[in-house]
Visitor: 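Got a structure for you, questions after.
Lettering of chains follows the sequences in order, A, B, ..., and the numbering in each one begins at 1. Basis for what follows: all heavy atoms, side chains included, without hydrogens, waters or symmetry-related copies. Remember, predicted model here, so these are calculated numbers, not experimental data.
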Amino acid sequence: MVRVRFAPSPTGYLHIGGARTALFNWLFAREHNGKFILRIEDTDKERSTEESLNEILRSLRWLGLNWDEGPDIGGPYGPYFQSQRLDIYLKYIDKLLDENKAYKCFCTKEELEEERKKAESEKRAFKYSGKCKNLPEYEIKQKEQAKIPYTVRIKIDQEGETVIKDKIRGEVVFQNFVLDDFIIMRADKMPVYNFVVVIDDALMQITHVIRGEDHLSNTPKQIHIYKALGFNIPEFAHIPLILGPDKSKLSKRHGETSCGVYEKNGFLPEAFINYLALLGWSPDGEKTEMSVDEIIKEFSLEKVHKAGAIFDNQKLLWLNGVYIRKKNINELTELCIPYLKESGLITDDDIKNKYEYIKKVVALQQEKIKTLSEISHLSDYFFKDNITLTEDAKKILEKNKQDIKKVIETLKNIIIEVGVEKSKVEEKIRIDMEKAGIKPKVFMHVIRVILTGTTIGPGLFDIIETLGKDVCLKRIENTLANDF
RNA sequence: GUCCCCAUGGUCAAGCGGUUAAGACAUCGCCCUUUCAAGGCGGUAUCACGGGUUCGAUUCCCGUUGGGGACGCCA
């Protein structure tokens, strides 16, 4: 049975890199009918918050990455908060101490800091001196009685090498002498990440550890702990990092990295998943639009790339547009309504009373919007009483100054006479404008501008029909009042 | 600095010893068109470098260079 896990620490929102790590784990679990486990790494009490936790869970749910065991739903290997597993960790610390595989270290932070500086000035890598490794028993007792704080270090045999079997990178070899007797428990009795992660993965029966490449160099440390404790070593898969445009690890300084913000900005989860899955992985390089089911079916760790991939907002935006265009209009309307409401274009009453109108507007904009949030600024003239002209719109009027009055009056008569039904009004406009000696390009542009205030938008006759007779006539009168 | 990982167009990427080196995004033309999109057609653009191995290297090996990551009593 495949068991994988995603283990975020609740010290902030779920960022893009985390989301993709979660996604790859989830895909692997679903593909193999395994379990996807969510574990919260909240041993850093200072920085962990409840809000962060909720935000992370929210984003995972938004993406549809459902977990089989986790903090909110429990499971047979709980608890799923590391902060609730302290006694377990301490038990294993004691075990290593008893078996003489670890020792207490009374060195202070200051002492270590000095050694570290010294190593740096001598241009060599810092390694713990091993000063406390062979303290005589009586000295340890003495120090303990004197309540001198201590950390616990694991003994690392300097001979030999540690081989990581990685499903993506093959065998990665580290010489053991690059490691020192590293700390596994802090002076405040809190075990460190590299220790607890091993205990949890072992006890939770994790079979495959799929995580970011930034953890690759932690892995030899963890393997030593697995071995010291006699645990089975899981398979590893270190996935390439997501990079910013400058090719360094994607982070805040590259711009927006929070999943939650992508949601707010009107990205669709299916588009986001599709894009993320194809970052660092591709089934054949051919497919770019894939449903979640297809991705699950095709996913394999062996086809994951080794090199990091730059996050390309532009391509994500394009893909989001593809998904928006594929949405059926009822669903899309529902998705757009919150954005229209938030920008003050519609009220709860409008949603009840003018639903069909809203839907028409959304349908007209469907092929233009790349994110849901774009619906608002593209559609304001459908909802506002008074429109304002953009700079480009003003230019159009300026350019066609001498014809404006004729165009508008002709239009007014047409609407009064035949109404606004698309087919009728189009035919009539074309005929009457020609009679009046006005070129299509001129009247089309002028009408668009006086009805919408902008030079861009859906088809003109769609606009007229959707706005309706009253609104069209009102905007015509307003323009005539301006006296050209 | 030490250790580790990586290297096909601007970006995502196919390729797994013999190819005119796919495809997508972006970009640039053209078409469609009342505008903006969408769509259609076409163009520009890639194997980091140097050695091997081989009849033949983008592909295998070794170096160089370049990029990245890790080196905490953070996770």
Visitor: How would nucleotides 43-49 of chain B be written as a contact map, 5' to 3', with B for base contact, S for sugar-phosphate-only contact and - for no contact, using protein heavy atoms under 4.0 Å?
Guide: -------
Visitor: Tell me the interatomic distance from A:Lys303, atom NZ, to B:C16, atom P, rounded to whole angstroms.
Guide: 10 Å
Visitor: Determine whether a donor-acceptor pair (N or O, by modelled atom type, separation under 3.5 Å) exists between the side chain of A:Lys406 and the backbone of A:Ala436.
Guide: yes
Visitor: Look up atom CZ in A:Phe443 and atom CD1 in A:Ile438, then write down how far apart they are to the nearest 0.5 Å.
Guide: 8.5 Å
Visitor: Using the P atom in both, what is the distance from B:C49 to B:C32, to the nearest Å?
Guide: 44 Å
Visitor: Classify the ring geometry between A:Tyr262 and A:Phe311 as parallel (under 30°), tilted (30 to 60°) or perpendicular (over 60°).
Guide: perpendicular
Visitor: Just to verify, which of A:Lys131, A:Lys127, A:Lys133 counts as forming a side-chain contact (heavy atoms from CB on, under 4.5 Å) with A:Ser129?
Guide: A:Lys131
Visitor: If the C1' atom of B:A48 is compared with that of B:U19, how far apart are they to the nearest Å?
Guide: 22 Å
Visitor: Between A:Trp281 and A:Phe299, how do the two ring planes meet: parallel, tilted or perpendicular, split at 30° and 60°?
Guide: tilted
Visitor: Which nucleotide, if any, forms a Watson-Crick or G-U wobble pair with B:U2, using both distances under 3.5 Å?
Guide: B:A70
Visitor: Encode nucleotides 23-40 of chain B as B, S and - characters from 5' to 3', where the letter depends on protein heavy atoms closer than 4.0 Å: B to the base, S only to sugar-phosphate, - to neither.
Guide: BBSS-------BBBBSS-
Visitor: For A:Tyr150, is the NZ or CZ atom of A:Lys143 found under 6.0 angstrom from the centre of its six-membered ring and inside 45 degrees of the ring axis?
Guide: no
Visitor: Across all strands shown, which nucleotide pairs with B:A48 by Watson-Crick or G-U wobble geometry, both distances under 3.5 Å?
Guide: B:U64
Visitor: Once each nucleotide of nucleotides 63-75 of chain B is scored for protein heavy atoms under 4.0 Å, what B/S/- sequence comes out, 5' to 3'?
Guide: ----SSSS-SBBB
Visitor: Determine all donor-acceptor pairs shorter than 3.5 Å in which one atom belongs to a side chain in residues 389-399 of chain A; sequence neighbours excluded.
Guide:
residue	atom	partner	partner atom	Å
A:Thr390	OG1	A:Ala393	N	3.2
A:Glu391	OE2	A:Lys394	NZ	3.4

Visitor: What is the nucleic acid contact for A:Val173, judged by heavy atoms within less than 4.0 Å: base, sugar-phosphate only, or nothing?
Guide: sugar-phosphate
Visitor: List the atom pairs, with distances to 0.1 Å, where a side-chain N or O of residues 266-278 of chain A and a protein N or O form a donor-acceptor pair under 3.5 Å, not counting sequence neighbours.
Guide:
residue	atom	partner	partner atom	Å
A:Glu270	OE2	A:Lys327	NZ	2.8
A:Asn274	OD1	A:Met290	N	2.8
A:Asn274	OD1	A:Tyr323	OH	2.6
A:Asn274	ND2	A:Thr288	O	3.2
A:Tyr275	OH	A:Asp312	N	2.8
A:Tyr275	OH	A:Asp312	O	3.3

Visitor: Determine whether the aromatic ring centres of residues A:His208 and A:Phe24 are separated by less than 6.0 angstrom.
Guide: no
Visitor: Between A:Gly280 and A:Val172, name the one whose nearest nucleotide on RNA chain B is closer to the 5' end.
Guide: A:Val172
Visitor: Whole angstrom is fine here: how far is it from CD1 in A:Ile310 over to P in B:U11?
Guide: 6 Å
Visitor: Side chains of residues 446-457 of chain A: which donor-acceptor pairs under 3.5 Å do they make with residues two or more places apart or in other chains?
Guide:
residue	atom	partner	partner atom	Å
A:Arg448	NH1	A:Pro458	O	3.1
A:Arg448	NH2	A:Pro458	O	2.9
A:Thr452	OG1	A:Arg448	O	2.8
A:Thr452	OG1	A:Thr454	N	3.1
A:Thr452	OG1	A:Thr454	O	3.0
A:Thr454	OG1	A:Ile456	N	3.2

Visitor: Counting only Watson-Crick pairs (N1-N3 plus N6-O4 or O6-N4) and G-U wobbles (N1-O2, O6-N3), all under 3.5 Å, who is the partner of B:G42?
Guide: B:C28
Visitor: Working note: A:Phe195 + A:His224, criterion ring-ring contact (aromatic ring centres under 6.0 Å, His included); need CA distance, chi angles, decisive distance, verdict.
Guide: CA-CA 10 Å; A:Phe195 185 76; A:His224 275 94; over 10 Å; no
Visitor: Between A:Leu319 (CG) and B:A13 (P), how many Å, whole number?
Guide: 14 Å
Visitor: Taking a pair as Watson-Crick or G-U wobble with both distances under 3.5 Å, which nucleotide is matched to B:A13?
Guide: none
Visitor: How far, in whole Å, is B:C41 from B:C60 if one measures between their C1' atoms?
Guide: 41 Å
